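The structure appears below as structure tokens.
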Amino acid sequence: MRKESKRKKKNMHNIKDIRANLENFVKTISKRNHKVDQSLLQTLDTKNRDLIQKKENLEQEKKIISKSKDKSLFEKSKKLSNEIDQISSEQLKIKNDLDNLLSNIPNLPLADVPEGSDESHNTEVEKKGKIPEFKFKPKSHSELGVDLSMIDFDLATKTTGSRFVFLKEKIALLERGLSNFMIDKHTSDNGYTEISPPLIASESTMYGTGQIPKFIDDQFEIKLDDKSERKFLIPTAEVILTNMVKGKILNKNDLPLRLVASTPCFRKEAGSYGKDTKGMIRQHQFYKVELVSVVEPENCKSELERMTNCATGILDSLKLPYRKVVLCTGDMGFSAEKTYDIEVWIPSENKYREISSCSSCGSFQARRMKARYKNDKNETVFLGTLNGSGLAVGRTLIAILENYQLEDGSIKIPEVLRPYMKNLDKISIK
RNA sequence: GGAGAGAUGGCUGAGCGGUUGAAAGCACCGGUCUUGAAAACCGGCAAAGGGGCAACUCUUUCCUGGGUUCGAAUCCCAGUCUCUCCGCCA
């Protein structure tokens, strides 16, 4: 039989589930500020299935002929091939449209996620730590760093461009110390396995966690050579860590898988022009300690709580004031079904700023990655994946500089960090 | 950069034009035996998609894409990836 042209299989939302409850699906997705063209979806699906039926009938006919080895039927078989080709290419086109439609639809929010269109509808669930009271006007981290000659934005502008920074001496050490401190804590106290991953991900890897196709504009694409698959600098270690199970079928006793890595992250920050242009809050490149859990899907909810606690644990031990919020349906990331943001207190802005985001993605990413496991009943089912920052190192650094600043512009080092800082108790001008 | 080898089910690994969705082993699940476990023995065990309330049934899939043939895991072409050796660099 002639090989029928195959399509690259994309996995995303399960069309079967959607079909069974289309109204509801569209309604739930609309809570996420995403409109689904219901009639288009329905038309494509019906048409697709119709063509599949037609194609399969012909294929069966052809198969019978070829098995019969009856020479008198060979001509007919050739004709069937042509027909099949025709129908097949038509079907492929429809399927492709359907795939494109589906792969741009975000994950379904869990039932307990508050409804809302934007961040103003996020719900605070916890507030912890004491907001520092200064007897002087607290400086911003960039003022502090520049005054100490340990943060240099101008230099980065010269060598690279905007939204990059040079850290020097004790502040560079602080950045490195923070990464080490966080990783140590997650590996020794929280049961995570340390990974040092590639910082470059292939196109299919980026698709797996949901960065592609919808958010391709925010990714730094890099060119290796003309031939190989497109490659991207990772926007977060989530991408590369989560994809470690891409295409795999794990055993139940491999789970849960808990991974931690400290990596630079690269983001174009397209769409945030003019936002947070001052200081280190929003950079094209920053370090982040990332937590990833791969679990049985039914354990996603409890794992999310656990992971979030691992993240806040870092802030607790650094004695930084923070609050925890549940993101509303409209503010969640593409792949998430539920997200907690952890926000740390930033004195110079007199408000809380995101320092970690912990999300359960349910089976959304696993489906895209084709990552499965054998469950109790020996069925092969999609895994659950979660990711969270534990924490964003750059922003933690900012929080420490600002919250621990002294009147003379020097910075007190939190107790737990001192072993990572050559036992310094203070960063001050030499 | 030069020269080779390879890509098959959860894993290892046979097959090299038709009854092969694919041997065998391991893993896994069920059973017999056992006080329990192990061992041994018996049985089961790929995925995706379509149809059906269901029992069930059909189609596709042996790296990807094209081609030859009535028929391809098997033959031809192109590509990707992996491995080994040499060179180069760290």
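Worth saying up front: this structure is predicted, and the values here are computed from it rather than measured. Chain letters run A, B, ... following the sequence lines, proteins first, then strands; residues in each count from 1.
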May I ask which nucleotide in the shown strands pairs with [N], Watson-Crick or G-U wobble, both distances under 3.5 Å?
| N | answer |
| --- | --- |
| B:C83 | B:G4 |
| B:C89 | none |
| B:A55 | none |
| B:C75 | B:G67 |
| B:G10 | B:C26 |
| B:A40 | B:U32 |
| B:C16 | none |

Same-atom distance ([atom1]) from [N] to [M], integer angstrom:
| N | M | atom1 | result |
| --- | --- | --- | --- |
| B:C85 | B:G15 | C1' | 29 Å |
| B:A22 | B:G65 | P | 22 Å |
| B:C58 | B:G52 | C1' | 11 Å |
| B:A46 | B:G10 | C1' | 9 Å |
| B:C42 | B:A47 | C1' | 27 Å |
| B:C11 | B:C62 | C1' | 16 Å |
| B:U20 | B:C81 | C1' | 26 Å |
| B:G87 | B:U68 | P | 45 Å |

> Do A:K374 and A:E379 meet the salt-bridge criterion of a basic N to acidic O distance under 4.0 Å?
Replying inline: no
Write down the distance between [atom1] ([X]) and [atom2] ([N]), rounded to a whole number of angstrom.
| X | N | atom1 | atom2 | result |
| --- | --- | --- | --- | --- |
| A:L250 | B:C28 | CG | P | 15 Å |
| A:L58 | B:U59 | CG | P | 12 Å |
| A:K95 | B:U60 | NZ | P | 17 Å |
| A:K55 | B:U59 | NZ | P | 12 Å |
| A:N375 | B:C45 | CG | P | 17 Å |
| A:I87 | B:U59 | CD1 | P | 15 Å |
| A:I64 | B:U57 | CD1 | C1' | 13 Å |
| A:F74 | B:G18 | CZ | P | 14 Å |

For [N], take OP1 and OP2 only and decide whether either is under 4.0 Å from a side-chain N or O of [X].
| X | N | value |
| --- | --- | --- |
| A:K54 | B:U59 | no |
| A:K78 | B:C70 | yes |
| A:K63 | B:C58 | no |
| A:R49 | B:G51 | yes |

At 4.0 Å (heavy atoms only), tell me whether [X] reaches a base, stays on the sugar-phosphate, or touches nothing.
| X | value |
| --- | --- |
| A:R230 | nothing |
| A:I65 | nothing |
| A:K76 | nothing |
| A:S68 | nothing |
| A:K248 | nothing |

Output the single nucleotide from [options] whose closest atom is nearest the side chain of [X].
| X | options | value |
| --- | --- | --- |
| A:R372 | B:C70, B:A27, B:A47 | B:A47 |
| A:Q60 | B:G50, B:C70, B:C58 | B:C58 |
| A:E59 | B:U60, B:G49, B:A47 | B:U60 |

>> Heavy-atom nearest nucleotide on RNA chain B for A:L73 versus A:Q53: which residue maps closer to 5'?
In response: A:Q53
>> Both A:E379 and A:N57 contact RNA chain B. Taking the nearest nucleotide for each, which residue is further toward the 5' end?
In response: A:E379
> So, for A:F364 and A:F334, is the gap between ring centers shorter than 6.0 Å?
Replying inline: yes
> Taking atom types as they are modelled, is there a donor-acceptor pair under 3.5 Å from the base of B:G49 to the side chain of A:E56?
Replying inline: yes
> Is A:K412 positioned over the aromatic face of A:Y404, cation under 6.0 angstrom from the ring centre and no more than 45 degrees off axis?
Replying inline: no
>> I need the single residue from A:R163, A:R353, A:R395 that forms a salt bridge (Lys or Arg N to Asp or Glu O under 4.0 Å) with A:D276. Which is it?
In response: A:R353
> So, does A:H13 use its side chain to make a donor-acceptor pair with the main chain of A:I18 at under 3.5 Å?
Replying inline: no
> Any side-chain donor-acceptor pair under 3.5 Å between A:Q219 and A:E203?
Replying inline: no
>> Does the plane of the ring in A:H284 sit parallel, tilted or perpendicular to the ring in A:F164? Use 30° and 60° as the thresholds.
In response: tilted
> Taking A:Y373 as the fixed residue, which of A:K252, A:E296, A:K248 is the one that meets the side chain to side chain donor-acceptor pair (under 3.5 Å) rule?
Replying inline: A:E296
